[in-house]
Amino acid sequence: MAQWVVLVQSGSGEQYRCEEAARFEGTLEQARALLYEVACTHKPRSGLRQRSREVFRVGDGDTYYARIEGRMTSHRVIFQLARRVWSTDPEAPPSQ
């Protein structure tokens, strides 16, 4: 089974952030399903009161763009799927 990471990228200028939303082992179909779920539910900021969310698939389904409207602010977020292709420790189990 492949090892995957769901990356979340948001912000602008010096406030840009890139973080892991999930790390897991599974098939490509399972990875894409989890990516979609994260794109539809992930909160880019703690305490965000979401009023609306638009999610757009980019390309073949390994990237999503979301526009999230909160009560006071708007967030634009990129969610991307990454497959592990190399590591110094190939037997390391994925962390959840």
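Basis for what follows: all heavy atoms, side chains included, without hydrogens, waters or symmetry-related copies.
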Which value, rounded to the nearest 0.5 Å, describes the distance between [X] atom [atom1] and [Y] atom [atom2]?
| X | Y | atom1 | atom2 | result |
| --- | --- | --- | --- | --- |
| Ser10 | Gln15 | OG | CD | 10.0 Å |
| Cys18 | Leu7 | SG | CG | 5.0 Å |
| Leu34 | Arg23 | CG | CZ | 13.5 Å |

Carboxylate-amine/guanidinium proximity below 4.0 Å for Glu29 and Arg32: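 So Glu29 does not pair with Arg32 through a salt bridge.
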Salt bridge Arg51-Glu69, side-chain N to carboxylate O under 4.0 Å: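 A salt bridge is absent here (no side-chain N lies under 4.0 Å from a carboxylate O).
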Stepwise side chain to side chain contact (heavy atoms under 4.5 Å, CB included) check, Met1 with Thr27: CA-CA 6 Å; Met1 290 252 164; Thr27 66; 4.0 Å; yes
Validation row: [X], [Y] side chains within 4.5 angstrom (heavy atoms):
| X | Y | result |
| --- | --- | --- |
| Ile68 | Gln50 | yes |
| Arg83 | Gln3 | no |
| Thr63 | Leu81 | no |
| Trp4 | Glu25 | no |
| Arg76 | Ser74 | yes |
| Val77 | Tyr65 | no |

Nearest heavy atoms of Ala66 and Ala39, plus distance in Å: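 Closest approach of Ala66 to Ala39, heavy atoms only: CB-O, 4.3 Å.
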For the student: nearest non-hydrogen atoms of Glu37 and Thr41, plus distance: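 Residues Glu37 and Thr41, closest heavy atoms: O-OG1, 2.8 Å.
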Validation row, ring centre Tyr64 to ring centre Tyr36 under 6.0 Å: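 When the ring centroids of Tyr64 and Tyr36 are compared, they turn out to be within the sub-6.0 Å range.
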Same apolar cluster: Leu28 and Phe24, side chain cutoff 4.5 Å: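 Same cluster.
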Hphob cluster co-occupancy, Val5 + Ile78, side-chain heavy atoms under 4.5 angstrom: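 Looking at the clustering, Ile78 is in a separate group from Val5.
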Exam field: side chain Arg67 to backbone Phe56, donor-acceptor pair closer than 3.5 Å: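 No; zero donor-acceptor contacts below 3.5 Å.
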Parallel, tilted or perpendicular: rings of His42 and Phe79 (30°, 60°):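 Because their plane-to-plane angle is over 60°, the rings of Phe79 and His42 count as perpendicular.
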